[in-house]
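Okay, structure first, notes after.
No hydrogens, no waters, no symmetry mates; every other heavy atom, side chains included, goes into these values.
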Amino acid sequence: MLEITSTRHNPLIDPHLAVWSWEIPLYLFFGGIVAGMMVLAGLAMLRVARGEDSRSFFSMQTPLLGFVLMNIGMLALLLDLTHRLYVWRVFTTFQVTSPMAWGSWVLIIVYGVLLVSALIRLPDAWPWLGRTVPAVRTWSDTLVARPRWIAGLGWANLVLGTGLGIYTGILLNTMVARPLWNSAILGPLFLFSGLSAGAAVMHLASVALHGRPAPQGMVGGAFSALLQPMGAVPPEKKTVDSLIRYDQIFLVIELVLIGLLIANLHTSSAAHAAAASLIMTGPYAWPFWAGVVLVGVLLPLAWQGLELTHRVAHTVVPAVLVLAGGFTLRWVMVNAGQISEITPVLPLGQ
């Protein structure tokens, strides 16, 4: 007797291979935020290594806050897995041609760099830890006293942050059976969207910096350390303008890349053009145009321009809009990409 097992009637398989739910967009979103924060912090560390006053820029929230945000993203990824207890096997081998293998190891290195980066000001930001574990104070003093080490750490943040940001797009780009994802522009688009989202998170965190001494207790100090300054004192409030200018550059580049992505899809094969229609005029057009382009890019761009010219007061609204648009971009691309498919050039039978 021949027994056949089929999954064709699984609603997640037939008629479309749509097996990724909210977990993957959330994972890509937090990965992009951490990537953006690492790049901006890397630039700040290079300036600190040159002896510049750390109060002149906002890039102080990366190490521990980035560590926490990365854990949230990894938790979402873990929830998506079917065999969660065997995830460790990913790290027992390395496939050079596998983007997931590269991504897995990059994430491990990112964790290490984030923790080492936290040592720059950790004893000051979390006094309880400095008192309880004197070695932390010693390591921090050793690192701060060596500008070359800080510069090396800055470059590590820059390179790994860029790699992590591009990887979140390459992860989808390598799946050629899904034409919406099959564009080389997806990696840079996710990178600059992550840079913008990272700047937005820093903007939100800067509002929480009140300039008062760090709490001396274990729990209060731990939460305060998530917003630790790169320098001995928090940056001046007016320097948030430099962070907004960075974000404006990232938003303009993101808008250009969105246009290039659409043009690239439309000028490729018929399958790519059909995939583009899913977000242009199809079922995902509304969240794409309203959620990504309008709310996530155009409105923050205009609002921040008014803030920089002092026509309106500084608020966190543009930062919130950027974060909403960043998540919507990944939600649209993941879900629309799963229902995009290779279409035959000729009707079947001809």
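- Placement of I109 and L69 within a single hydrophobic cluster is found when ILVMFWY residues are connected by side-chain heavy-atom separations under 4.5 Å, directly or transitively.
- Between H310 and H314, the angle of the ring planes goes over 60°, which puts this pair in the perpendicular group of the 30/60° scheme.
- In this structure, CG in L189 is found 11.5 Å from CD1 in I166, a value given to the nearest 0.5 Å.
- Residues passing the salt bridge (charged side-chain N to carboxylate O under 4.0 Å, His left out) test with R50, sequence neighbours excluded: E52.
- Counting only residues at least two apart or on different chains, no side-chain hydrogen bond (donor to acceptor under 3.5 Å, both in side chains) pair has a member in residues 249-262.
- Identified under the side-chain hydrogen bond (donor to acceptor under 3.5 Å, both in side chains) test for residues 286-306, with sequence neighbours left out: D247-Q304.
- Put simply, CG on L299 and CG on L294 are 4.5 Å apart, with the number rounded to the nearest 0.5 Å.
- Taking 4.5 Å as the limit, every side-chain heavy atom of M38 sits out of range of all side-chain heavy atoms of L158.
- Atom OH of Y246 is surrounded by 12 or fewer heavy atoms from other residues, nucleotides or ligands within 6.0 Å.
- Side chain of R137 to backbone of G130: no donor-acceptor contact under 3.5 angstrom is found.
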Q: In sequence, state the C-alpha distance, the side-chain angles, and the governing distance for L153 and I120, and then conclude on side-chain contact (heavy atoms from CB on, under 4.5 Å).
A: CA-CA 10 Å; L153 200 55; I120 293 179; 4.2 Å; yes

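- Here the closest non-hydrogen pair linking A336 and I279 is CB-CG2, 4.0 Å.
- Under the 4.5 Å side-chain criterion, counting only non-hydrogen atoms from C-beta, Y27 is not in contact with L78.
- For W331, the ring-ring contact (aromatic ring centres under 6.0 Å, His included) test picks out Y284, with sequence neighbours left out.
- Residues L261 and M333 meet the side-chain proximity criterion, which asks for heavy atoms closer than 4.5 Å.
- Under the 3.5 Å distance criterion, the side-chain polar atoms of N173 are left unmatched by any main-chain donor or acceptor of G169.
- Residues V39 and G161 approach most closely at CG2-C, 3.8 Å, considering heavy atoms.
- Side-chain N or O atoms of S193 include none that pairs as donor or acceptor with a backbone N or O of F190 at under 3.5 Å.
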**Q.** From CA spacing to verdict: side-chain contact (heavy atoms from CB on, under 4.5 Å), L114, V34
**A.** CA-CA 10 Å; L114 288 174; V34 174; 4.3 Å; yes

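- Looking at heavy atoms from C-beta onward, V320 lies in side-chain contact with L204 at the 4.5 angstrom threshold.
- Note: H203 NE2 to I244 CD1 = 4.5 Å, rounded to the nearest 0.5 Å.
- Defined by atom type and a distance below 3.5 Å, a donor-acceptor pair is missing between the side-chain atoms of T168 and R330.
- Looking at every heavy atom in both residues, N157 comes nearest to G42 through CB-CA, 3.8 Å.
- The distance from atom CE of M70 to atom CG of L164, rounded to the nearest 0.5 Å, is 4.5 Å.
- Side-chain contact check for L278 versus S340: some heavy-atom pair is nearer than 4.5 Å.
- To the nearest 0.5 Å, the span separating CG on L40 from CE on M45 amounts to 11.0 Å.
- Panel note: side chain T328, backbone A324; a donor-acceptor pair is recorded below 3.5 Å.
- Closest heavy-atom contact between P25 and N335: CG-ND2, 4.5 Å.
- Here CD1 of I253 is found 4.0 Å from CZ of F192. Values are rounded to the nearest 0.5 Å.
- Closest approach of L64 to A118, counting heavy atoms only: CD2-CB, 3.8 Å.
- Every residue two or more places apart in sequence or in another chain that forms a ring-ring contact (aromatic ring centres under 6.0 Å, His included) with F29 is listed here: F327.
- A cation-pi arrangement is absent between R178 and W181 under the rule of less than 6.0 angstrom and at most 45 degrees off the ring axis.
- Judged purely by atom type and a 3.5 angstrom limit, S183 uses its side chain to pair as donor or acceptor with the backbone of I185.
- A heavy-atom distance below 4.5 Å is found between the side chains of L65 and M37.
- The shortest distance between side-chain heavy atoms of T315 and E307 falls below 4.5 Å.
- In the hydrophobic clustering of ILVMFWY residues, with side-chain heavy atoms under 4.5 Å counting as a link, V113 and V159 come out apart.
- Under the side chain to side chain contact (heavy atoms under 4.5 Å, CB included) criterion, L129 pairs with L122, W126, V133, V136, not counting sequence neighbours.
- A donor-acceptor pair under 3.5 Å is absent between the side-chain atoms of S196 and the main chain of F250, judged by distance alone.
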Q) side-chain contact (heavy atoms from CB on, under 4.5 Å) between W102 and I170: does it pass, once the steps are laid out? A) CA-CA 11 Å; W102 281 96; I170 291 178; over 6 Å; no

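- Under the 4.5 Å side-chain criterion, counting only non-hydrogen atoms from C-beta, L251 is in contact with P300.
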Q) Hey, mind stepping through F30 and L75 against side-chain contact (heavy atoms from CB on, under 4.5 Å) and telling me if it holds? A) CA-CA 11 Å; F30 279 108; L75 176 61; over 6 Å; no

